[in-house]
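The block underneath contains the structure these notes are about, expressed in structure tokens.
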Amino acid sequence: MIPTLLPTYSRAAFSFEKGEGAWLIEADGRRFLDLGAGIAVNALGHAHPALVKALTDQANALWHTSNLYQIPKQQELADKLTEQTFADTVFFTNSGTEACELAVKMARKYWFDKGQPEKTDIIAFSGSFHGRSSAGIAAAGSEKMTKGFGPLLPGFVHLEFGDHDALTAAISETTGAILIEPVQGEGGIRPVPDQCLKGLRDLCDEHDILLILDEVQCGVARTGKLFAHEWSGITPDIMMVAKGIGGGFPIGAVLATEEAASGMTLGTHGSTYGGNPLGCAVGCAVLDYVTAPGFLDAVNRKAGLMRQKLEGLVAAHPEVFESVRGSGLMLGVKCKKTNTDVVNAGYNQLILTVPAADNVIRLLPPLTIEDDEIALAVDRLDAAATALVAA
Ligand SMILES: Cc1ncc(COP(=O)(O)O)c(C=O)c1O
């Protein structure tokens, strides 16, 4: 008989009942150090007082009206985001993959309205992940995500990640946009080098192509800048955001320049829940927190500490680990042992990490993690590696 929960997930046998900062407390009382943060979602850790207050204040006042009316918190969050970024305008969604849907619609509508309706193709890359909606799976294109779900949304061109020659060769008069994660998350924490992002921007400018960045996982201070592309000095035309912006409350967004958004006129898009007062109240609180003076410096300092300790871990266990990679507090350790075995060995040491492609374990701690928690986390990974070798 089919389980009452549709069985699309393989779930570990934990039921967490409470969260405190970087800690998750299991029903049986065990305290796990959480280096997954709900897959880069709990940017300020669990039950951060500023977010609890923002959510409960809003919950006590008003939950939902509709986009038929003004939503002051939505306007406030859009103003904050445009003030802090390249963007002139924002549309709020409930998730990352809905942001992908809109990014694709926006790019296609842009070219349609410009009188170049043939520019429908969107170039995307191997190892990418843009969510599980029809546009998201078609964009990523991997067999794992698309098999059996055809016919797929057409108009995506898939190239090997990092193959510059293939990219130049693939550009044609039907290319409307390039879609890329500045740091691939599910793909195994693979950062796009700064010079490659610059090259992509140049290529887009030269050939009249929109650049769409998916910062759903790498955005919102995760890499030590508010958005990961800032390290390279370039700006996109359209950007997808989700995860960290809600700190655990479901909210996403598409940010765009006025030009790129110019096709999205009255009635061309909508969402019942997108930008609802609860999500936007929390989003405002998260954004205020991560843009406060000193926050990004602290993320960068902690990222340096964590990376240094992880390098030591890899050196101490060459039979388990191969290398460390990533950006800021979006770190990956490539494993020699099977990554899911490493994650499971971590569970036994009360530490949570997340597997990714390319035999990597992902470390995406709350950005508020303390130095002693970083040290403890690496000690627990060390114990996990020792146990794995002994087994
Ligand atoms: C880069 C990226 N894009 C899109 C998504 C999809 O987001 P959601 O699961 O909120 O739909 C994810 C989720 O992991 C992601 O990492």
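Quick note: numbers below take in every heavy atom, side chains included, and nothing from hydrogens, waters or symmetry partners. Owing to the predicted nature of the structure, the values given are computational and were not obtained by experimental measurement. Counting starts at 1 for both ligands and their atoms, following the listed order.
- In this structure, the separation between CD on Q195 and CD1 on I234 is 12.5 Å, given to the nearest 0.5 Å.
- In this model, a donor atom of one side chain and an acceptor atom of the other lie less than 3.5 Å apart for E98 and S95.
- A salt bridge links D288 and K80; the closest N-O separation between the charged side-chain nitrogens and carboxylate oxygens is under 4.0 Å.
- In terms of modelled atom types and a separation under 3.5 Å, the side chain of N300 and the main chain of L296 share a donor-acceptor contact.
- Using modelled atom types and a 3.5 Å distance limit, the side chains of W111 and T120 yield no donor-acceptor pair.
- Side chains of H64 and N276: a donor-acceptor N/O pair is absent below 3.5 angstrom, by distance only.
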Tabulate distances under 3.5 Å between N/O atoms of ligand 1 and N/O atoms of the protein, writing both atom names on each line.
unit_1: ligand 1; atom_1: 3 (N); unit_2: F129; atom_2: O; d: 3.2
unit_1: ligand 1; atom_1: 3 (N); unit_2: D214; atom_2: OD1; d: 3.3
unit_1: ligand 1; atom_1: 3 (N); unit_2: D214; atom_2: OD2; d: 2.7
unit_1: ligand 1; atom_1: 10 (O); unit_2: G96; atom_2: N; d: 2.8
unit_1: ligand 1; atom_1: 11 (O); unit_2: G96; atom_2: N; d: 3.4
unit_1: ligand 1; atom_1: 11 (O); unit_2: T97; atom_2: N; d: 2.8
unit_1: ligand 1; atom_1: 14 (O); unit_2: K243; atom_2: NZ; d: 3.1
unit_1: ligand 1; atom_1: 16 (O); unit_2: Q217; atom_2: NE2; d: 2.7

